[in-house]
Amino acid sequence: MILPDRLNAALKARDLSQAALARAVGVSSTMINKLARGEARESAHIYAIAKALGVTPEYLSGDSEEISGDVARHTSRDVRALDEDEIVEIKELDLAFGMGGGSYLDLPVKEKGRKIARDWLRLYTNSPASRIFLARGIGDSMSPTIQNDDVVIIDTAQTLVGMGDQIWAISYGNFGLIKRLRPLPSGGIKIMSDNPHVESEVAYDGELHPIGKVVAIIRKMAGS
């Protein structure tokens, strides 16, 4: 399945026309147009389409927020050629969110601005740039979804843990963590790791504070 909004956003971020994508994949423009309009959702060419757009097939299908490092490099390289109104600045925090033991949140945190393409950011969230920041994950408890030293995009405008099993940056016992959260009928929140060897925990009565939802994962390509 290919979600039309993600396909169209990826086309815009890559500055590709539907016809150019069709040529790159080796399919008809009519087929790409139907996918972009939502008139068709299934395509045997999803892997080729994802490769041409520099995103993962799972991102196009809505099964994951993960993107490839190629997209990040492409965006960083091209941002210099964009007009000022096409660029936003988001904060990169000198803070590693633990995917295991965690990092203390009461330590001083340095910030630096990162300029990125506005359209690229809109692939992942429509929240204001002032509510979004980059950080790194450390440890292996969220492997294989998030690897040690992957960069995550955190949307702090989203703090209400509703739908279960989504990935969040949280404060738990003065530690900054990245975990999957699942609200429980008892009122608690189950804190889960993707690594099957790490046991889950349950937080009650304000023990856990969501910092923001992880809306994207950026990973360096091998050899980069």
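The model shown is predicted, which means the values in this text are computed figures rather than measured ones. Along the sequence shown, residues are numbered consecutively beginning with 1.
Using a 3.5 Å distance cut-off with no hydrogens or angles, the side chains of Lys179 and Ser141 do pair a donor with an acceptor. A donor and an acceptor atom, one from each side chain of Asn195 and Ser143, are nowhere located under 3.5 Å apart. Between the side chains of Asp150 and Gln147, no donor N or O sits under 3.5 Å from an acceptor N or O. Judged by distance alone, the side chains of Thr125 and Ser127 do bring a donor and an acceptor atom under 3.5 Å apart.
Within a 6.0 Å sphere centred on CD of Glu199, heavy atoms belonging to other residues, nucleotides or ligands number 12 at most. In Arg37, the CZ atom is not crowded: 12 or fewer heavy atoms of neighbouring residues, nucleotides or ligands sit closer than 6.0 Å.
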Inset, instruction - Go through the steps for Asp165 and Arg182 under the test salt bridge (charged side-chain N to carboxylate O under 4.0 Å, His left out), then give the verdict. - result: CA-CA 5 Å; Asp165 296 5; Arg182 179 186 296 169; 2.7 Å; yes
Inset, instruction - Start with the C-alpha gap between Arg131 and Asp155, add the side-chain angles, then the distance that decides, and say whether salt bridge (charged side-chain N to carboxylate O under 4.0 Å, His left out) holds. - result: CA-CA 6 Å; Arg131 303 297 302 276; Asp155 183 354; over 6 Å; no
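Contact of the Ile170 side chain with the Ile178 side chain is not registered, since no non-hydrogen atoms from C-beta on lie closer than 4.5 Å. Side chains of Leu11 and Leu53 form a contact here, defined as non-hydrogen atoms less than 4.5 Å apart. Between Glu201 and Tyr172, the closest side-chain pair of non-hydrogen atoms falls below 4.5 Å. Within the 4.5 Å cutoff, the side chain of Val215 has heavy atoms near those of the Gln158 side chain. Proximity of Ile87 to Ile116: side-chain heavy atoms (C-beta onward) are nowhere separated by under 4.5 Å.
Taking each heavy atom of Ala50 and Thr56 in turn, the nearest pair found is CB-C, 3.8 Å. Leu134 approaches Arg114 most closely through the heavy-atom pair CD1-CG, 4.1 Å. Between Ser193 and Met142 the shortest heavy-atom distance is CA-SD, 3.8 Å.
Taking OG1 of Thr30 as the reference point, atom CD of Glu39 lies at 10.5 Å (rounded to 0.5 Å). A distance of 5.0 Å separates OG in Ser61 from CD1 in Ile46, rounded to the nearest 0.5 Å.
Put simply, Met192 and Trp168 are part of two different groups of oily side chains (I, L, V, M, F, W, Y) that touch within less than 4.5 Å, one to the next.
For Ala24, the side-chain contact (heavy atoms from CB on, under 4.5 Å) partners two or more places apart in sequence, or in a different chain, are Ala52.
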